[in-house]
Amino acid sequence: GETGYETWLRYEEITDSALHTQYRAYFQTIEIKGNSPIIESAKEELMQGLRSLLGVTPKCLSATGEQASCLIGTIADVAEVSQAIKERLREEGYAIYSEKGRLVLVGKTETGVLYGTFHLLRLLQMRDHLHDLRIVENPRNQLRMINEWDNMDGSIERGYAGGSIFFEHNKVTNNLQRIKDYARILSSIGINAIAFNNVNVHEEETKLITRKFLPDVAKVANIFRQYGIKTFLSINYASPIQLGKLETADPLDEKVRAWWKETVADIYRYIPDFGGFLVKADSEHRPGPFTYGRNHAEGANMLAEALAPFGGIVLWRCFVYNCLQDWRDRKTDRARAAYDHFKPLDGLFHDNVVLQIKNGPMDFQVREPVSPLFGAMPKTNQMLEFQITQEYTGQQKHLCYLVPQWKEILDFDTFANGKESPVKSIVDGSQYDYKVSGITAVSNVGNDENWTGHLLAQANLYGYGRLTWNPNLSTEEVTTEWTRATFGDNEEVIQTIHEMLLQSWLIYESYTAPLGVGWMVEPGHHYGPNVDGYEYSVWGTYHYADCHGIGVDRTVATGTGYTAQYFAENYELYEHLETCPDSLLLFFHHVPYTHKLKSGVTVIQHIYDTHFSGAEQAEQLLESWRSLEGKVDSERFQQVLERLEHQAEHAKEWRDVINTYFYRKSGIPDEKKRTIYP
Ligand code: GCW
């Protein structure tokens, strides 16, 4: 039966006979130049895909002089590529063109060939014609990365789809086939880098950079390499103490510097193309340079120097804030932290360091503004971090398709370099002269049979990869691709799932924390409503609701001054009540419940309205899915059905907890007199 294991690489057989005939003609005979491991992967993918889509195994020609109907190779190997095409191809790019019944796929590099192969298969999945193709594709972002938060005991921090596919019982897994399948999935959407252990590096994981585990890490890296993916490791900043028996991890200490250099040299003996280190330092109780009175630049540069001779890089996370805050203290604002820590260090980082910045200033909430750090450091490489795993967006029990959210973030104009300096143009390196940059995200994959727990959450992984390849793709394009590749030809099925996905983020937002204020979740695991769960805690995540109003005053005029971290245009937008968008109102302002939104309703009435309608819409998602019974195979139908049933129930819980809380605080009844439990 269908488990969802194949993801969007299902390659369901093409039934349209005209198309079938057309495709078969192009794949009568294939010549694939080269025989490196990556080219072998491309060949394997193509053969497997064609067998499945067309039910045929094309004949492979090797340079016999006979002309193949489909020719594949790098520009170095394919003689007939025009100069014009050659010039347009950049690293990892490819071209696919066809004329007179012949198809040519060329990659600038072997990896380009592999990406081109996946593109070619996608054309078939989308049932596109292959006549007169003129495709030239280059990835927009240099680093297109995945971070796993996997622990060696087999658990995954914030994982909602089972255990790790990389580790079990404090060892690297023997199930290399599953890792290979993951590499295929990632490569098909253009991912080219992965850090496969959690950024919180615990005791055993610290040893991944030692000979105890390097042979195993190398096995994993060997698999990823065949799919054009570079392997990185998250490291423990205190490794010199824990592993090297030194008394300090001070980045300016000569012994520490020597220790890292030796350690790095050893890693490269096992993994010659090792990507580098991902570092969470001085964040949430993780060790870092602060202990020794050093700043982040000093801390990162020391590692960068050790990696530089091998071409390795340091991904240094900016998720740094005071996680021992006193709720009584109204001066400290967690949202300010990343900018306050890093902006003053612009220009001090080595050019093989990249700052990895979460999309928002807080922590992957369903709605928060874009981090003001993007574009604020013209002399420092920056990359963007998204969260595919749905920590705060329903934990893969609720449907929450994040592509629309990511599009908003990528398109957000920072005004860093004047008008039209969107986030996507910062992190693709086109705005400033960054040596390294790109996008990364926390994976939503685990060892559940269908990878993501919620089958439809596969769309988030797919969409992430596609947007990272090209942030200019529209939500509709990406969504259509995924839906067709995953669910086939039935227009009603495609239409219904497409709509469900596109509405789901706003639906989730509407029955959870209102108007950008965030949180209101159960502390610890972060699932389900608890309005005051974090209100008196150390985490700096407050909403300040009282009997008059709610929200965090982050203005310069009367609040924490956070708004000043934005460039002028955005500062003006957020600073003033009159211009601040409704969706972020409570993130930036503290207002009375009776404050009228731009939509014309009061804050309190908005809370009631959205929570009633949100829960209803969650019910409608379930109904929409039910309408597909018999049109989607029963196994996958059932999987999704169960999640949607839970979501519909849980949305009511959210609705009632939130509505009751605000009714009790404000004493203001619902204008429409719906049931609010007193
Ligand atoms: O989102 C928060 C999570 C932590 C996580 C941390 C981080 C890996 O609740 O579990 O730790 O962010 O991004 O470092």
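For ligands, and for the atoms within them, numbers begin at 1 and follow the listed sequence.
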More than 12 heavy atoms of other residues, nucleotides or ligands under 6.0 Å from NZ of K343: yes or no?
yes
For D363, take its heavy atoms, then give the atoms of ligand 1 lying under 4.0 Å from any of them.
1 (O), 2 (C), 12 (O)
State whether the number of non-hydrogen atoms from other residues, nucleotides or ligands found under 6.0 Å of H169 atom NE2 is greater than 12.
no
Could you find the nearest protein heavy atom to atom 12 (O) of ligand 1 and give me its residue, atom name and distance?
K358 NZ, 3.1 Å
Of all protein heavy atoms, the one nearest atom 8 (C) of ligand 1 is N200 ND2, 3.3 Å
What do we get for V199 next to ligand 1 when only non-hydrogen atoms under 4.0 Å count, side chain, backbone, both or neither?
side chain
Does the N or O separation between E391 and ligand 1 drop below 3.5 Å for any pair?
yes
Specify the protein heavy atom at minimum distance from atom 10 (O) of ligand 1: its residue, its atom name, and the distance to 0.1 Å.
E157 OE2, 2.4 Å
Below 6.0 angstrom between ring centroids: does that apply to F196 and F167?
yes
Counting distance only, does the side-chain N/O of S234 pair as donor-acceptor with the main-chain N or O of N197 below 3.5 Å?
yes
Under 4.0 angstrom from ligand 1, any heavy atom of H526?
yes
Tell me whether E368 contacts the main-chain N or O of F364 through its side chain, where contact means a donor paired with an acceptor under 3.5 Å.
yes
For atom 14 (O) of ligand 1, find the nearest protein heavy atom and state the residue, atom name and distance (0.1 Å precision).
K280 NZ, 2.6 Å
Where ligand 1 meets F319 - atom numbers and elements under 4.0 angstrom, heavy-atom basis:
6 (C), 7 (C), 12 (O), 13 (O), 14 (O)
Say you draw a straight line from CD of Q142 to CD1 of I313; how long is it, rounded to the nearest 0.5 Å?
7.5 Å
N/O separation below 3.5 Å, R158 to ligand 1:
yes
Which residue and heavy atom of the protein sit nearest atom 6 (C) of ligand 1, plus the separation:
E284 OE1, 3.4 Å
In Å and rounded to the nearest 0.5 Å, what is the NZ to CH2 distance from K280 to W316?
13.0 Å
Does the ring centre of F342 sit less than 6.0 Å away from the ring centre of Y339?
no
